[in-house]
Engineer: 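To start, I am sharing the structure in question, which I have written as structure tokens.
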Amino acid sequence: MSEGRNFEVVADIVPPAPVEEIPGQPTVGLESTFDKVWRSLEEEHVGMIGLYGLGGVGKTTLLTQINNHFLKTSHNFDVVIWVVVSKTPNLGRVQNEIWEKVGFCDDKWKSKSRHEKVKDIWRALSKKRFVMLLDDMWEHMDLLEVGIPPPDQQNKSKLIFTTRSQDLCWQMGAHKKIQVKSLAWKDSWDLFQKYVGKDALNSNPEIPELAEMVAKECCGLPLAIITIGRAMASKVTPQDWKHAIRVLQTRASNFPKIKKLPIEMKNLVQLKALRLCTSKVSSIPRGLISSLLMLQGIGMYNCGLYDQVAEGGVESYGNESLIEELESLKYLTDLSVTIASASVFKRFLSSRKLPSCTHAICLKMFKGSSSLNLSSLENMKHLAGLTMKDLDSLREIKFDWAGKGKETVGYSSLNPKVKCFHGLCEVVINRCQMLKNLTWLIFAPNLLSLTIGQCDEMEEVIGKGAEDGGNLSPFTKLMRLELNGLPQLKNVYRNPLPFLYLDRIEVVGCPKLKKLPLNSNSANQGRVVMVGKQEWWNELEWEDEATLTTFLPSFKAI
């Protein structure tokens with residue numbers, strides 16, 4: 001006891017458990033999505049997973065269940081770390097929350113500079129096989145600025161984040177992007193009844209029908225269903241339920257059905273992000289975008305815009321007015337956009353500002369354009385997603401190569417060492433009826449996903465023009481290939497490819513495609529799933545018997 005008086009510290013703080021349970025609701029209608037995420041965690045080549053979907057759709061609940069599932073199953077991870085990032089990320093707070101799981105967040109740690117914390121976190125996590133769960137991300141976060149080693153096949157760590165923005169999944173470089181969708185009607189109705197209770201539903205013969213109407217106004221969003229269900233649990237008169245329906249039909253809870261943005265949005269002078277991707281919005285009042293002076297991010301990728309072009313393009317931005325308004329935004333750094341005119345596309349490419357901040361672009365309905373020059377896209381350093389659809393007249397895709405002193409040159413004149421589309425990771429081509437090939441994709445070395453559908457004249461994906469491309473091998477990092485409704489397609493690529501990361505090939509409606517660019521080394525350690533009609537599979541020609549033996553267990557008939 002006398003010797004003990006000389007000790008200032010006689011015990012260390014007990015380190016936190018490798019996995020800490022987080023209280024949460026059980027998932028409803030998200031079982032298949034949970035299974036998909038968990039299977040993805042078991043795939044070696046998938047280090048980062050992005051979960052995206054509408055607010056209130058259940059992303060946080062799903063992430064909670066994933067965290068807690070580590071307590072119920074055996075795994076090889078040293079630590080599972082949960083961090084809420086939030087709309088305005090505080091990197092210092094994020095660092096502190098991580099350090100609480102891998103070190104001791106005492107006064108000495110808190111007094112360190114952010115750079116010193118980066119080094120400490122990096123050293124600690126580099127020695128561990130970790131799972132990082134980042135909830136509610138609104139903008140790009142540089143993992144290196146926090147000290148998080150990017151997950152890869154070497155460190156075998158994993159990172160899952162949730163976000164409302166599909167664009168952000170591209171920006172973060174997610175190996176898999178998984179959409180958390182709204183609930184199906186049966187699941188929505190079951191959940192709503194659970195929280196309303198039988199007493200309220202049975203209190204009057206009119207209420208069950210009215211209750212269904214209220215439940216439908218929740219648009220399949222679990223958070224809305226639970227909140228409104230609880231609020232209606234005490235309502236036992238038809239008048240209460242009819243009032244609730246009127247309120248819901250005039251409130252923002254109906255947002256997924258909105259087709260025109262209200263001009264009153266001009267009053268949101270501090271708005272920094274406007275995400276319309278995959279929404280039904282088909283009309284934006286002129287002058288609205290330019291009035292939101294603080295906008296930093298705008299998502300108009302693959303939304304309903306231009307599907308119903310107004311008379312003269314006044315409200316739907318069928319002309320150059322959208323480009324002019326976007327250029328006026330001083331703080332814009334994150335843009336995804338849909339363009340429905342060759343002239344507007346030309347105007348967009350000539351902008352000094354817009355191409356450099358564009359992360360995704362959708363080109364559609366270029367009337368009368370038989371050729372499309374994509375050479376200027378190579379200057380879009382942040383371009384991650386490209387969609388081309390409903391380009392009925394498009395026959396060829398051209399390049400201008402200024403370095404060769406020619407306005408237009410063939411693929412054979414291109415320098416194979418130049419990676420024109422280095423950041424491009426997802427390409428979707430739909431309903432481009434006259435297009436015969438996509439040979440330009442040999443210059444997208446980091447492509448992760450390729451979808452081609454309903455292109456009647458498509459004969460080959462990578463055509464003969466690639467023969468002079470040196471030793472350039474396409475699709476090195478491709479993970480997903482979907483071919484649908486290509487009646488003339490005969491060839492994907494002339495030689496077998498290694499496909500180091502491929503996990504799914506889906507072929508439907510391609511009767512002339514008799515051979516795939518595969519050999520026995522293309523199977524990604526047996527993880528490839530091949531989907532198609534049984535008749536098509538039976539007629540496939542294989543490189544050799546070993547290739548057939550390798551892929552035979554991978555096939556799933558539809």
Side-chain angles (χ1 to χ4, degrees), residues 140 166-167 169-175 177 301-302 334-339 345-346 348-351 354-364 366 371-389 391 394 396-404 408-430 432 435-452 455 458 460-463 465-482 492-493 497 499-502:
H140 178 267
Q166 186 179 9
D167 294 347
C169 295
W170 286 323
Q171 295 171 38
M172 290 296 296
H175 301 120
K177 300 177 288 293
Y301 181 68
N302 217 10
D334 177 5
L335 173 66
S336 63
V337 66
T338 298
I339 295 179
F345 184 47
K346 184 177 180 180
F348 170 84
L349 293 174
S350 67
S351 170
L354 300 183
S356 63
C357 64
T358 299
H359 291 85
I361 189 167
C362 174
L363 308 177
K364 59 189 289 188
F366 284 19
S371 66
L372 182 64
N373 197 319
L374 292 184
S375 59
S376 297
L377 294 187
E378 67 174 300
N379 297 320
M380 298 168 65
K381 304 301 182 185
H382 300 292
L383 185 67
L386 172 64
T387 290
M388 298 167 60
K389 61 181 182 180
L391 304 178
L394 185 64
E396 61 177 340
I397 295 175
K398 293 182 177 181
F399 285 93
D400 290 339
W401 197 249
K404 295 293 182 181
T408 304
V409 299
Y411 298 107
S412 60
S413 302
L414 291 174
N415 182 350
K417 294 181 180 179
V418 178
K419 297 176 175 58
C420 303
F421 305 100
H422 191 82
L424 196 61
C425 59
E426 181 163 3
V427 171
V428 177
I429 311 293
N430 269 330
C432 297
L435 196 60
K436 293 186 179 296
N437 66 65
L438 298 172
T439 307
W440 63 274
L441 287 176
I442 62 173
F443 298 99
N446 296 312
L447 192 65
L448 301 178
S449 175
L450 174 61
T451 300
I452 311 172
C455 297
M458 183 78 65
E460 47 194 355
V461 179
I462 303 296
E467 291 177 354
D468 296 327
N471 295 321
L472 198 62
S473 179
F475 306 145
T476 304
K477 297 185 179 179
L478 194 70
M479 298 172 64
R480 189 180 187 96
L481 175 64
E482 295 185 12
V492 175
Y493 187 64
L497 294 169
F499 287 124
L500 301 177
Y501 302 101
L502 191 68

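A quick note: this is a predicted structure, and the numbers were derived from the prediction, not measured. Below, each value reflects all heavy atoms present in this structure, side chains not excepted, and no hydrogens, waters or symmetry copies.
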Engineer: Less than 4.5 Å apart, any side-chain heavy atom of L391 and any of L435?
Structural biologist: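 No; the side chains remain at least 4.5 Å from each other.
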Engineer: For K381, enumerate each residue passing the side chain to side chain donor-acceptor pair (under 3.5 Å) test, keeping only those at least two apart in sequence or located in another chain.
Structural biologist: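 Residues passing side chain to side chain donor-acceptor pair (under 3.5 Å) with K381: none at all.
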Engineer: Do you know which two heavy atoms are closest between K364 and T338, and how far apart they sit?
Structural biologist: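 Heavy atoms only, the tightest pair is CD-CG2, 3.5 Å.
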Engineer: Tell me, please, which residues at least two apart from L450 pass side chain to side chain contact (heavy atoms under 4.5 Å, CB included).
Structural biologist: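 Partners of L450 under the side chain to side chain contact (heavy atoms under 4.5 Å, CB included) test: V427, L441, L447, I452, V461, F475, L478, L481.
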Engineer: Please examine the side chains of T387 and Y301, heavy atoms only from C-beta on, and report whether any two atoms are closer than 4.5 Å.
Structural biologist: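 Yes, side chains in contact.
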Engineer: To the nearest 0.5 Å, tell me how far K389 NZ sits from L363 CG.
Structural biologist: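 Going from NZ on K389 over to CG on L363, the span is 11.0 Å.
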Engineer: Got a second to check how far C432's SG is from L372's CG, nearest 0.5 Å?
Structural biologist: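 So the SG of C432 and the CG of L372 are separated by 9.0 Å.
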Engineer: Given 3.5 Å as the limit, does a donor-acceptor pair link the side chain of N446 with the main chain of H422, or not?
Structural biologist: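 Checked: pair present.
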Engineer: Excluding sequence neighbours, so at least two apart, what forms side chain to side chain donor-acceptor pair (under 3.5 Å) with T476?
Structural biologist: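 Counting only residues at least two positions away or on another chain, T476 forms no side chain to side chain donor-acceptor pair (under 3.5 Å).
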Engineer: State, yes or no, whether a side-chain contact exists between K477 and L448 at a heavy-atom distance under 4.5 Å.
Structural biologist: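 Yes; the side chains approach each other to less than 4.5 Å.
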Engineer: Sequence neighbours left out, what passes salt bridge (charged side-chain N to carboxylate O under 4.0 Å, His left out) with K177? Give chain and number order.
Structural biologist: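 Partners of K177 under the salt bridge (charged side-chain N to carboxylate O under 4.0 Å, His left out) test: E426.
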Engineer: According to side chain to side chain contact (heavy atoms under 4.5 Å, CB included), who are the partners of H382, at least two apart in sequence or on a separate chain?
Structural biologist: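 For H382, the residues satisfying side chain to side chain contact (heavy atoms under 4.5 Å, CB included) (neighbours in sequence not counted) are H359.
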Engineer: Applying side chain to side chain contact (heavy atoms under 4.5 Å, CB included), can you list everything that pairs with T451, at least two apart in sequence or on another chain?
Structural biologist: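 Per chain and number, T451 pairs via side chain to side chain contact (heavy atoms under 4.5 Å, CB included) with V428, S449, E482.
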Engineer: What closest approach, in Å, do P355 and L349 show between heavy atoms, and which atom pair accounts for it?
Structural biologist: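 Of all heavy-atom pairs spanning P355 and L349, the closest is CG-O, 4.0 Å.
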Engineer: For the residue pair F421 and L386, establish whether any side-chain heavy-atom pair is separated by less than 4.5 Å.
Structural biologist: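 Side-chain contact under 4.5 Å: no.
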Engineer: Please report the closest heavy-atom contact between F366 and I339, naming both atoms and the distance.
Structural biologist: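 Looking at all heavy atoms of both residues, the shortest contact is CE1-O, 3.4 Å.
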Engineer: My understanding is that only residues two or more places apart in sequence, or in another chain, count here; which of them pass side chain to side chain contact (heavy atoms under 4.5 Å, CB included) with K346?
Structural biologist: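 For K346, no residue satisfies side chain to side chain contact (heavy atoms under 4.5 Å, CB included) once neighbours in sequence are set aside.
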Engineer: Does some side-chain heavy atom of K436 sit less than 4.5 Å from a side-chain heavy atom of E396?
Structural biologist: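 With C-beta onward as the side chain, the pair stays apart.
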Engineer: Are the side chains of L424 and L377 in touch, meaning some heavy atoms are under 4.5 Å apart?
Structural biologist: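 L424 vs L377: side chains apart.
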Engineer: For S336, what residues pass the side chain to side chain donor-acceptor pair (under 3.5 Å) criterion, not counting sequence neighbours?
Structural biologist: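 Expected list: D167.
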Engineer: Taking the side chain as everything from C-beta on, heavy atoms only, tell me whether I397 gets closer than 4.5 Å to M388.
Structural biologist: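 Yes - at least one pair of side-chain heavy atoms lies under 4.5 Å apart.
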